Amino acid sequence: MARRSLSGVQPSGLLHLGNYFGAIRTHVARQDDAYYFIADFHALTTTHDPAVLRQNVFDVAATYLALGLDPERAVLWRQSDVPEVQELAWLLATVTGMGLLERAHSYKDKVERGISASVGLFYYPVLMAADILAFDSDVVPVGKDQVQHLEMTRDMAQSFNARYGEVFKLPKVELGVPEPVPGIDGAKMSKSYDNHIPIFPASRKALKKRVMAIKTDSTPMEDPKDPDTCTVFALYALFADAAQQAEMRAKYAGGDYGYGHAKLELLELIEAHFADARTRYAEFEKHPDRVEEILRAGAERARPVARAVLDRARAACGLA
Ligand code: ADP
Ligand code: TRP
């Protein structure tokens, strides 16, 4: 049975390796019956400079396209170009208990980090549920931190279905990697912790600086080292094939191999992995109009799908 994938990424700063392995890589791998959008409505909860928002939307779109998203196959659009999701969010809000939203970790974390507790930030999971349900999605590829949002989406869909009949499909989450990708300090990679490694750094020098800054323990160079507790190895393993991983494990176990050496090998793999994509990214930077055209065309394909689901939901609850 065909499975429709859908996901969204917020345009809130440059994308990093955590975003890549947690979500984007899966999106690029699944392009049949696939819907991906740039969550600019969501970004308004944290990004308040219009020029920055516009630039971030472009960066996300160009990143996807450079990494191989084919807009003829998968649908790629800007969330705000499909306003139907807002209307659907309202319908969902009317079946959603306050308690459900009050339990959201993401909301609590953001408020703790000093982001203003706006109604929009609180309502964020309702809009996210609408994004997902508006497309009859089967699978939602995201990172682990989004799992609770998916559970909330299923809750809202079930509440609506219980009240009005079977209107919504219940989507499933799909994790790109089982555990969060670590950042250079060993904690979860996130742009909010400034521990990230960008997918498209400004230069090789900038990338090298980040990689060389990965925190390691103080095992002396000549001693054997444990790859399974090392952030350098964890990142290396994401890029390396089985043979390369086995080789690096042997080097760690053998001693006389420093973390500096491992970092340089990691640097090479990152460079090689994104080399072609970087060239394509530079091309899109020269032609922002092409990116804009792709997003507009994507919205034209996305809108009728969301419209049909919205009409189904409106009819079910007695709206004309
Ligand atoms: P950030 O934490 O940098 O703000 P986002 O919350 O915008 O990242 O995440 C965008 C997508 O990337 C989500 O699907 C999220 O689950 C995934 N993601 C973010 N950081 C990681 C990570 N360190 N490991 C795995 N997936 C991640
Ligand atoms: N909340 C997601 C994030 O921070 C972005 C998002 C918005 C999303 N709507 C979505 C992800 C719908 C998947 C499906 O990464």
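Just so it is clear, the model here is predicted, and its values are computed rather than measured. Residue numbers run from 1 in the order of the sequence given. Start at 1 and go down the list; that is how both ligands and their atoms are numbered.
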Shortest protein heavy-atom distance from atom 4 (O) of ligand 1, along with the residue and atom involved: K191 NZ, 2.7 Å
Nearest neighbour in protein (non-hydrogen) for atom 9 (O) of ligand 1: N19 ND2, 3.3 Å
Under 3.5 Å: N/O of Q146 near N/O of ligand 1: no
Nearest neighbour in protein (non-hydrogen) for atom 11 (C) of ligand 2: G8 O, 3.2 Å
Short N or O distance, V9 and ligand 1, threshold 3.5 Å exclusive: no
For D145, atoms of ligand 1 separated by under 4.0 Å from a heavy atom: 6 (O), 15 (C), 16 (O)
Ion pair K286/E283, N-O distance below 4.0 Å: yes
Pairing of R307 and D311 as salt bridge, 4.0 angstrom limit: yes
Output field: ring centroids W77/Y64 closer than 6.0 Å: no
Lys/Arg-Asp/Glu bridge criterion (N-O < 4.0 Å) met for E265, K251: yes
Check ion pair K188-E179 (N to O, under 4.0 angstrom): no
Residues E292 and R296 bridged, charged N to O under 4.0 Å: yes
Atoms in ligand 1 with a heavy atom of H16 nearer than 4.0 Å: 1 (P), 3 (O), 20 (N)
NZ/NE/NH1/NH2 to OD/OE distance under 4.0 Å, D59 and R54: no
Within-cut-off N or O pair, G143 and ligand 1, under 3.5 Å: yes
Test of proximity, Y124 against ligand 2: N or O pairs below 3.5 Å: yes
Q10 N/O to ligand 1 N/O under 3.5 Å: no
V142: numbered ligand 2 atoms lying under 4.0 Å from its heavy atoms: 11 (C), 13 (C)
Donor-acceptor pair, side chain of H196 and main chain of L17, under 3.5 angstrom: no
For ligand 2, the portion of V140 having any non-hydrogen atom under 4.0 Å away: side chain
Between S116 and S118: side-chain donor-acceptor atoms closer than 3.5 Å: no
Residue, atom name and distance, where the atom is the protein heavy atom closest to atom 7 (C) of ligand 2: H42 ND1, 3.3 Å
Polar contact flag for S7 and ligand 2 (N/O pairs, less than 3.5 Å): no
Backbone of P220 reached by a side-chain donor or acceptor of K225 within 3.5 Å: yes
Salt-bridge present (D136, K169; N to O < 4.0 Å): no
Residue portion contacting ligand 1 (non-hydrogen atoms closer than 4.0 Å) for A23: side chain
Residue and atom name of the nearest protein heavy atom (relative to atom 15 (O) of ligand 2), distance in Å to one decimal: Q146 NE2, 3.6 Å
For ligand 2, the portion of Y35 having any non-hydrogen atom under 4.0 Å away: neither
Selected option - heavy-atom contact closest to atom 22 (C) of ligand 1, from G18, S190, G8: G18
Ring centres under 6.0 angstrom apart (F21, F239): yes
Flag, side chain of R154 to backbone of P171, donor-acceptor distance under 3.5 Å: yes
Distance filter under 4.0 Å to V142 heavy atoms, resulting ligand 1 atoms: 14 (O)
Heavy-atom nearest option to atom 24 (N) of ligand 1, drawn from V140, L238, N195, V181: V181
Q79 contact mode with ligand 2 (heavy-atom cut-off under 4.0 Å): neither
F200: which of L15, L207, L14, T63 passes side chain to side chain contact (heavy atoms under 4.5 Å, CB included): T63
N or O pair under 3.5 Å between D131 and ligand 2: yes
H196 heavy atom under 4.0 Å from ligand 1: no
Nearest heavy atoms of N161 and E166, plus distance in Å: ND2-OE1, 3.5 Å
Which of the ligand 2 atoms, numbered from 1, are nearer than 4.0 Å to a heavy atom of Q10: 4 (O)
Atoms in ligand 1 with a heavy atom of M189 nearer than 4.0 Å: 20 (N), 21 (C), 22 (C), 23 (N)
